[in-house]
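In what follows, every heavy atom counts, from backbone to side chain, and hydrogens, waters and symmetry copies are set aside.
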Amino acid sequence: MAAQKRVSPPSGPSKSPAKTNDKSVSKKESAGWSHTLPTVPELIARKRDGGALSPAEIQGLVSGFVRGDVADYQMSAFAMAVFFKGMTAEETTALTLSMRDSGRVVDTKSVRARKVDKHSTGGVGDKVSLCLAPLVAACGVAVPMVSGRGLGHTGGTLDKLEAIPGFSVSMGVDAFVQQVKDIGCALIGQTDDIAPADKKLYALRDVTATVESIPLITASILSKKLAEGIDGLVLDVKVGRGAFMKTEADARALAQSLVRVGMLAGKEVTAFLTSMEAPLGRTIGNALEAREAIEVLHGKGPADLRELTLVLGAEMLLMGRVAKNDRDARRKLEAAIQDRSGVRVLRQIVDAQGGDPRCVEDPSRIPRSSRIVQIAATKRGFVQKIDALSLGLLGVAMGAGRTRADQAVDPLVGLVLHKGVGDKVAIGEPLCELHLASGPAAKTHDEKAFAERALAAFTIGSASAQPAPLVIDVIRK
Ligand code: URA
């Protein structure tokens, strides 16, 4: 019976550089595995009682889980024990590396440039990856980016890329590495062989109320990113109503954990805490966001989106060792916009991945909904707040996002914001527009309710207002 099984030896020596302070584990045990190894219930009990597990114990648990020797109910109990008792940075590092090594780690040694990626914890209107990755690649840093799909109120890079007609996010690992060598960047989805332990564990966490655990989130994010074969990672940890982390304290704790564990895993990691009270940019929805991101590469686009792209991009250039300092890095990124080299790189990526490259030269070629409804202000004054969470959820209800991983999205559905926080508005002036679905799903949509929800997301008052500062803090080791 699985409950009585001892966690069996990992298949090969541990690659983990993590150290343990757990003196109860003998030298023999921490170097490999012996018949004295604890059983799975003993490991769960130790974590439940606030003890620490050795790297070898964690690796055995993860590999046993992937093989099916550790049952789902045992791994769920372990996740709940971690949820309540936490993990040391060393344990979290061992979990991250075990999950990374549960699948294939992309070998990027043949790519000569330094490899740096960016990950965002997700927000409403966050389309930064689409303009950031080609811009950074145009400056000489390789960007092997493996992204996810949208779930709930936050969007996903893959859905936005697929709004470009023909664009494919599926690619084998060898082709992925070759494209990073040839163009400097590839933008793909997670393959089945990248960190399978994370996929399996996340599915359990999702249904056992154990997602909101800093060590589990850290290991989940980093295991996938480290499997890309990167040298460095820039993290955008979003804070606010539209973010996964609602408070600055929680976001800071996650950012600190990600930076520390990334460093213990031998990588350079910087985390930015950035505001997600209002949506980023002026669009929500896949095709609309793809257009807006491409506009940034053309030197246009909204100021907040452009600024965040430059902030994160500058850090990636520093990690990529192609800039002397932040000022130099920003100058190089701005030059890559000015001389259109960012546009050229995205055109090459889109072309190589089957998309219509003309959409990069002229983003207005990206299809748009034929059913657009304007929402006008019913009050005069200044926009005090725009509720990112409400608009993100509205986008999902309209068909732009999904509530279950297996749902399709309508790429043309979304919202365009005509007013931002701090803008003056008169009665009857357009606040935003809804880009509605037109397929069979649209028949079940209550468009009047959508319009009411959009209007309610704007707070208008008589006092002047300022948008929240975009970057709240930067966390380096
Ligand atoms: N994103 C991830 O990839 N994993 C988590 O656990 C939470 C957010």
> Between the side chains of Asp126 and Ser120, is a donor N or O closer than 3.5 angstrom to an acceptor N or O?
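On atom types as modelled, these side chains qualify, holding a pair under 3.5 Å.
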> So which atom in Leu280 and which in Lys127 form the shortest heavy-atom distance, rounded to 0.1 Å?
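In terms of heavy atoms, the two residues are closest at O-NZ, 2.8 Å.
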> So that I can tick it off, tell me whether Lys160 and Glu292 are bridged by a salt bridge, with the cut-off set at under 4.0 angstrom between side-chain N and carboxylate O.
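A salt bridge is absent here (no side-chain N lies under 4.0 Å from a carboxylate O).
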> If you draw a 6.0 Å radius around CG in Asp192, do more than 12 non-hydrogen atoms from other residues or ligands fall strictly inside?
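No, CG of Asp192 has 12 or fewer neighbouring heavy atoms, counting only those of other groups under 6.0 Å.
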> Stepwise, does the salt bridge (Lys or Arg N to Asp or Glu O under 4.0 Å) test hold for Glu361 with Arg358?
CA-CA 5 Å; Glu361 293 299 336; Arg358 294 172 303 173; over 6 Å; no
> Please assess Arg104 against Asp174 for the test salt bridge (Lys or Arg N to Asp or Glu O under 4.0 Å), listing each intermediate value before the final yes or no.
CA-CA 12 Å; Arg104 185 164 172 182; Asp174 295 338; 3.2 Å; yes
> Please find the pair of heavy atoms, one from Thr96 and one from Ala219, that lie closest to each other, and give the distance.
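Where Thr96 meets Ala219 most closely, the heavy atoms are OG1-CA, 3.3 Å.
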> For Lys47 versus Ala81, what's the shortest heavy-atom pair and its separation?
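Smallest heavy-atom distance, with atoms named: CG-CB, 3.7 Å.
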> Can you check side chain to side chain contact (heavy atoms under 4.5 Å, CB included) on Ile472 and Glu248, steps first, answer last?
CA-CA 9 Å; Ile472 298 163; Glu248 191 180 317; 3.7 Å; yes
> In plain terms, say whether Arg330 and Asp326 are close enough for a salt bridge, that is, a side-chain N and a carboxylate O under 4.0 Å apart.
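A salt bridge is absent here (no side-chain N lies under 4.0 Å from a carboxylate O).
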> Look at Asp236 together with Lys238 and state whether they make a salt bridge at an N to O cut-off of under 4.0 Å.
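Looking at Asp236 and Lys238, the cut-off is met.
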> Give a yes-or-no answer on whether the side chains of Thr218 and Thr92 include a donor-acceptor pair shorter than 3.5 Å.
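Side-chain D/A pair, Thr218 to Thr92: absent.
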> Can you find a pair of side-chain heavy atoms, one from Leu297 and one from Pro134, that are under 4.5 Å apart?
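Counting from C-beta outward, Leu297 and Pro134 do come under 4.5 Å.
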> Taking all heavy atoms of Gly301 and all of Val296, pick out the closest pair and write down the distance.
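Closest heavy-atom pair between Gly301 and Val296: CA-CG2, 4.3 Å.
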> Have Gln59 and Ser63 got a donor and an acceptor in their side chains that come within less than 3.5 Å?
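No, because no side-chain N or O of Gln59 sits under 3.5 Å from a partner of the opposite role on Ser63.
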> Would you call Arg149 and Glu162 a salt bridge, using N to O less than 4.0 angstrom?
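Judged by the 4.0 Å cut-off on N to carboxylate O distance, Arg149 and Glu162 do form a salt bridge.
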> Less than 4.0 angstrom from a charged side-chain N to a carboxylate O is my criterion; do Arg321 and Glu268 meet it?
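Here Arg321 pairs with Glu268 in a salt bridge, since their nearest N and O are under 4.0 Å apart.
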> Tell me whether Thr154 contacts the main-chain N or O of Gly122 through its side chain, where contact means a donor paired with an acceptor under 3.5 Å.
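Such a contact is absent between Thr154 side chain and Gly122 backbone.
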> With distance as the sole test, does Thr309 use its side chain to make a donor-acceptor pair with the main-chain N or O of Leu305 at under 3.5 Å?
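Yes, the answer is positive, given that a donor and an acceptor are paired below the 3.5 Å cut-off.
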> Closest heavy-atom contact between Ala243 and Met276?
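What the structure gives for the nearest pair is N-CG, 3.7 Å.
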